[in-house]
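Notes follow the structure.
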Amino acid sequence: LKLLLISRELNVIRVRFHGRGGHGVKTASRIVGAAAFSAGWQAQDSPIYGAERRGAAVTAFTRMSQEPIRERGVIEQPDLIIVGDETLLADPGAGVLVGQEGASGVFVNTSSAGQLAEEFSIVPPVVTLDVAQMTLDCVGRASALSVGLAAAAARLGGAIEEEQLLAAAEEELASLGVTVDVIEKNLLLARRVYAALAPIVLRSREPAVTDEIWIVGEIEPPGGAPSVLAAGNAVHRRTGLWRLQRPDIDYDLCTRCGLCFVLCPDGAIAMDEEYPVIDYDHCKGCMICAHQCPVRGILRHREVRSW
Ligand code: SF4
Ligand code: SF4
């Protein structure tokens with residue numbers, strides 16, 4: 001009852017998800033929307049994409065309200081920010097912290113809780129959990145974050161019961177053609193994430209507009225559609241932050257054949273005094289170099305900063 005009263009006072013709860021292509025951020029927003037609907041809320045969910053590419057920044061939104069939701073478009077003033085990949089915090093173009101001042105909490109999937117608030121000047125309380133590791137343990141793929149992020153949002157928002165979350169996750173994954181076995185693994189993940197977190201106290205906001213449709217979208221589209229400002233700007237975008245796996249050259253094995261230098265699709269390998277050197281600011285971790293190296297001289301490691 002207390003949660004319901006808080007929620008009614010809030011009028012509408014706005015959740016903004018940030019992740020990368022392949023994380024399942026859109027699915028996460030959809031699961032939360034469906035779960036909220038089954039919990040008796042009116043709900044709305046939508047994604048925004050920029051580059052339709054695995055690893056590119058993606059943003060998704062869920063609104064839930066006890067009243068008709070007349071807002072549309074991006075959420076500028078979120079109550080809850082869910083960050084699927086901490087490296088997005090280091091990319092100003094991703095807009096993760098847009099409107100953070102009025103938010104009640106920022107959730108970050110990270111293996112290193114560290115000093116995120118200080119490092120990135122995060123104003124609201126920061127909640128962290130290594131959802132990627134939990135996903136790896138339960139599902140077998142650290143990047144399949146949709147259910148884990150949905151569970152975090154559902155739990156922190158305090159408006160969705162565990163059973164409603166599980167039912168929504170099961171229905172959404174089934175609609176995507178996910179096998180029963182993988183769905184079961186995801187439901188285990190959902191239970192674990194839900195149990196690991198506690199609801200945060202949502203701050204009261206100005207009531208939502210109720211008498212007309214309100215299209216929100218005056219700000220720069222966050223994350224999903226980063227602006228291309230000028231020719232040659234790519235060097236300034238640290239696309240290496242997309243990387244999930246890190247190639248490391250074993251110089252004892254390397255024969256200096258130069259194949260990796262030639263075949264890297266992003267020009268992220270230079271030949272320095274005949275040895276290849278990887279530019280980690282722009283290597284996206286496709287691992288083509290590792291596959292093509294004839295002496296298997298490029299090792300594959302998990303990118304610990306991202307995961
Ligand atoms: S492909 Fe392998 S052996 Fe050839 S330069 Fe690159 S790391 Fe060295
Ligand atoms: S993983 Fe290798 S081929 Fe792929 S972007 Fe990085 S250096 Fe280039």
Side-chain angles (χ1 to χ4, degrees), residues 18-26 49-59 83-96 108-112 114 119 130-133 135-136 139-146 223-307:
H18 294 271
R20 299 189 179 279
H23 282 163
V25 165
K26 173 199 163 201
Y49 300 91
E52 286 273 5
R53 182 168 182 174
R54 192 175 187 83
V58 176
T59 308
V83 185
D85 180 347
E86 67 180 300
T87 66
L88 288 164
L89 291 165
D91 184 351
V96 173
V108 184
N109 163 36
T110 176
S111 58
S112 55
E119 188 176 350
D130 192 351
V131 177
Q133 184 62 53
T135 307
L136 188 61
V139 184
R141 274 179 52 212
S143 61
L145 295 174
S146 57
S227 302
V228 176
L229 300 175
N233 72 84
V235 72
H236 301 296
R237 292 199 65 90
R238 293 177 58 203
T239 47
L241 293 172
W242 300 9
R243 191 172 55 243
L244 308 182
Q245 298 180 90
R246 175 188 174 97
D248 282 308
I249 297 173
D250 183 337
Y251 289 105
D252 290 333
L253 294 175
C254 175
T255 62
R256 296 181 280 172
C257 72
L259 259 186
C260 56
F261 162 68
V262 172
L263 295 175
C264 171
D266 287 282
I269 299 181
M271 294 302 285
D272 180 14
E273 296 179 0
E274 299 186 8
Y275 276 98
V277 176
I278 298 175
D279 168 9
Y280 288 109
D281 275 349
H282 296 95
C283 159
K284 296 200 288 287
C286 66
M287 304 311 292
I288 286 174
C289 55
H291 281 292
Q292 297 299 328
C293 175
V295 296
R296 295 288 179 263
I298 301 181
L299 309 179
R300 181 191 301 253
H301 293 121
R302 177 179 164 187
E303 184 53 82
V304 292
R305 173 67 181 168
S306 312
W307 298 94

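Atoms within each ligand, like the ligands themselves, are counted from 1 in listed order. Throughout, residue positions are numbered sequentially from 1 according to the sequence presented.
Close approach of ligand 2 to Pro265 is summarised as follows: ligand atoms under 4.0 Å from at least one heavy atom of the residue are 3 (S). Numbered from 1 in the order shown, with element, the atoms of ligand 1 that lie under 4.0 Å from a heavy atom of Thr255 read 3 (S), 8 (Fe). Near Val295, meaning under 4.0 Å from any of its heavy atoms, are these atoms of ligand 1: 3 (S). Every atom of ligand 1 with a heavy atom of Cys260 under 4.0 Å away is listed here by number and element: 1 (S), 5 (S), 6 (Fe), 7 (S). Close contacts of ligand 1 with Gly258, meaning ligand atoms under 4.0 Å from a residue heavy atom, involve 4 (Fe), 5 (S). Interface atoms of ligand 2 facing Gly285, defined by a heavy-atom separation under 4.0 Å, are 1 (S), 6 (Fe). Within ligand 2, the atoms closer than 4.0 Å to a non-hydrogen atom of Met287 are 1 (S), 4 (Fe), numbered from 1 in the order shown.
Put simply, CG on Asp248 and CD1 on Ile278 are 6.5 Å apart, with the number rounded to the nearest 0.5 Å. Here CZ of Arg246 is found 10.5 Å from CE of Met287. Values are rounded to the nearest 0.5 Å.
With Val131 as the partner, the side chain to side chain contact (heavy atoms under 4.5 Å, CB included) test is satisfied by one option alone out of Leu145, Thr110, Leu136: Leu145. Here the options are Pro265, Cys260, Cys264, the test is side chain to side chain contact (heavy atoms under 4.5 Å, CB included), and the partner is Ile288; only Pro265 passes.
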Report the C-alpha separation of Glu86 and Val108 in whole Å, then their side-chain angles, then the decisive distance to 0.1 Å, and conclude whether the side chain to side chain contact (heavy atoms under 4.5 Å, CB included) test is met.
CA-CA 6 Å; Glu86 67 180 300; Val108 184; 3.8 Å; yes
Under the side chain to side chain contact (heavy atoms under 4.5 Å, CB included) criterion, do Asp130 and Asn109 qualify, and how do the steps go?
CA-CA 5 Å; Asp130 192 351; Asn109 163 36; 4.1 Å; yes
For Leu253 and Arg296: C-alpha separation, side-chain torsions, deciding distance, then whether side chain to side chain contact (heavy atoms under 4.5 Å, CB included) applies.
CA-CA 8 Å; Leu253 294 175; Arg296 295 288 179 263; 5.9 Å; no
When you look at His18 and His23, which way does the side chain to side chain contact (heavy atoms under 4.5 Å, CB included) test go after all the steps?
CA-CA 9 Å; His18 294 271; His23 282 163; over 6 Å; no
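Looking only at protein heavy atoms, the nearest one to atom 5 (S) of ligand 2 is Lys284 N, 3.5 Å. Looking at atom 2 (Fe) of ligand 1, its nearest protein heavy atom turns out to be Cys293 SG, 2.3 Å. Closest to atom 6 (Fe) of ligand 2 among all protein heavy atoms lies Cys283 SG, 2.3 Å.
Among Pro247, Cys254, Cys264, Cys289, the residue whose heavy atom lies closest to atom 8 (Fe) of ligand 1 is Cys254. Of the candidates Pro276, Cys257, Pro294, the one placing a heavy atom closest to atom 4 (Fe) of ligand 1 is Cys257.
By the criterion of a heavy-atom distance under 4.0 Å, neither the backbone nor the side chain of Ile269 is placed next to ligand 1. Counting heavy atoms closer than 4.0 Å to ligand 1, residue Ile298 contributes side-chain atoms (C-beta onward) but none from N, CA, C or O.
Geometrically, Arg243 does not engage Tyr280 in a cation-pi contact, judged by NZ or CZ lying under 6.0 Å from the ring centre and within 45° of the ring axis.
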